[in-house]
Protein chains: 2
Amino acid sequence: MSRWKPDARGRLEKAALELYNHQGFDATTVAEIAARAGLTERTFYRHFADKREVLFPSDNPLADTLADATAAASVTLPPLEVVAHALTEAAPILEERADLARQRRAVIAATPELQERERAKLAALASTLGHALRERGLEATTAALAAEIGIAVFNVAYERWVNDPDQHALAQLIRETLDATRHLTAPAGHAAANDGGSFTGQETGA
Amino acid sequence: MSRWKPDARGRLEKAALELYNHQGFDATTVAEIAARAGLTERTFYRHFADKREVLFPSDNPLADTLADATAAASVTLPPLEVVAHALTEAAPILEERADLARQRRAVIAATPELQERERAKLAALASTLGHALRERGLEATTAALAAEIGIAVFNVAYERWVNDPDQHALAQLIRETLDATRHLTAPAGHAAANDGGSFTGQETGA
DNA sequence: TACGGTGATGTCATAAACTGACATCAGGGT
DNA sequence: ACCCTGATGTCAGTTTATGACATCACCGTA
């Protein structure tokens, strides 16, 4: 018999998600979470920096995947294509846990404090991405811009996917959203006129 | 004689900025801030929701300006031009207080908690902008995307401006950054002429 | 086998962040 | 004169977060 039940961290994550879902983030105390996991408040804080962090698992390989895919992309690819490639590579990581993602999203959507943390995580991703782009030789401002736009695209696509997870693959939504970006930035009638493809087609129209 | 010295809120903001600058955000306690402003901790919390909020003044007319400028823009303008217009309209608001902006930035740059809040404020701006774009008849996803990109552009431009405020006007930096966005999405050289600008070479996944 | 080190957890104490309830009291209107 | 309002103070309490120290199964090694 081992001294402690296994996977304390996992139990805390599970307990937290359940309690946040059931009674709300604010109405849940860290002591409650710990108790439900059969642990102590102090132990909670040994595993997570604060009450929010428990919803943002650190074993998330997203950042690494983005960085690696960015570094690995063909040198001739234009910046935004590199970003698109990286995001597409990272998409399956999220799709694996679609149900969990929706549960987390429900809690986050109901709690400003958690939205704040989520945005911070996205910003960190943008920073990682920007760093990886600079390593490829991109000028700093361009890299930052491409990274920010990439994350914006990801954010919009992810939101669509989470709201409607059975309709489209995340990777496809990312691609569509990126195409929409191109239409937004070059809507002058010529440029991207002939691509057609799998685009959603919501031009400003009227 | 009035019972209290005037502008309690302003005094709290000033005291907080000074203390955060001098001894760091974490090492500063709310009681300290209040004392320096000649007030009480309890009163601090009557003016600001929390310790971070004191750096993000609520009288900030940025959101309103963005919304108004978006609504007022010509109906024929493509989405991103509307956003560019709105951002350009809002720029002077920030440029008026350049020195204050730099002080705030120094503190924020040194404090993850404050960066988190800053991102949240930007996200709120994006949300406002997206709403205003939808009011113009834009489809929801397109509006969200244009808003997010606009805020990304603003964020990069603002960062450049704050770092080097005497070189360029903020409005000009916004313009330049937006142009950079266009170049990113429609890479130079073949200028989107031969591949329709929607070339996505990353089918390599298979 | 005995024994000492390691590491995850518990216990305790405490600062600091917030919040609700109630008290105070100048000033402004009636 | 009177009451009412509204900004502030006082106080007590909960919750978050962290440092210091104790515990004790497990593991390797003599």
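Letters A, B, ... mirror the listed sequences (proteins, then strands); counts begin at 1.
Between A:His22 and A:Glu18, every side-chain heavy-atom pair lies at or beyond the 4.5 Å cut-off. B:Tyr20 places a side-chain heavy atom less than 4.5 Å from the side chain of B:Leu55.
By the 6.0 Å and 45° rule, B:Arg104 stacks over the aromatic ring of B:Phe56.
Surrounding NZ of B:Lys121 are more than 12 heavy atoms belonging to other residues, nucleotides or ligands, all under 6.0 Å away.
Here the C1' atom of nucleotide C:dC18 and the CG atom of A:Asp50 are 16 Å apart, to the nearest Å. Rounded to whole Å, atom C1' of D:dA17 lies 15 Å from atom CG of A:Leu12. Per the geometry, CZ belonging to A:Phe25 stands 10 Å off C1' belonging to D:dT16, to the nearest Å.
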Compile the donor-acceptor pairs under 3.5 Å between side chains in residues 67-81 of chain B and protein atoms, sequence neighbours left out, one pair per line.
unit_1  : atom_1 : unit_2   : atom_2 : d
B:Thr70 : OG1    : B:Leu66  : O      : 2.7
B:Ser74 : OG     : B:Thr76  : N      : 3.3
B:Ser74 : OG     : B:Thr76  : OG1    : 3.0
B:Glu81 : OE2    : B:Arg182 : NH1    : 2.9
B:Glu81 : OE2    : B:Arg182 : NH2    : 3.3

Sequence neighbours excluded and cut-off under 3.5 Å, please list the side-chain donor-acceptor pairs for residues 87-97 of chain B, or say none.
unit_1  : atom_1 : unit_2   : atom_2 : d
B:Thr88 : OG1    : B:Ala84  : O      : 2.7
B:Glu95 : OE2    : B:Leu170 : N      : 2.6

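Residues that satisfy the side chain to side chain donor-acceptor pair (under 3.5 Å) test with A:Thr65, not counting sequence neighbours, are absent from this structure.
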(request) For each nucleotide in nucleotides 3-16 of chain C, reading 5' to 3', give B when a protein heavy atom comes within less than 4.0 Å of its base, S when such contact involves only the sugar-phosphate, and - otherwise. (result) ----BBBBB-----
Under 3.5 Å between N/O atoms: give me all the protein pairs with nucleotides 28-30 of chain C, atom names plus distance.
none

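In summary, A:Lys51 and A:Glu113 do not engage in a salt bridge, as defined by a charged side-chain N under 4.0 Å from a carboxylate O.
Considering only side-chain N and O atoms, A:Tyr45 lies nowhere under 4.0 angstrom from the phosphate OP1 or OP2 of D:dT18.
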(request) Mind running side-chain hydrogen bond (donor to acceptor under 3.5 Å, both in side chains) on B:Glu32 and B:Thr29 for me, showing each step along the way? (result) CA-CA 5 Å; B:Glu32 265 180 297; B:Thr29 157; 5.1 Å; no
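Against DNA chain C, the stretch residues 109-120 of chain B makes no heavy-atom approach under 4.0 Å.
Using modelled atom types and a 3.5 Å distance limit, the side chains of B:Arg9 and B:Ser58 yield a donor-acceptor pair.
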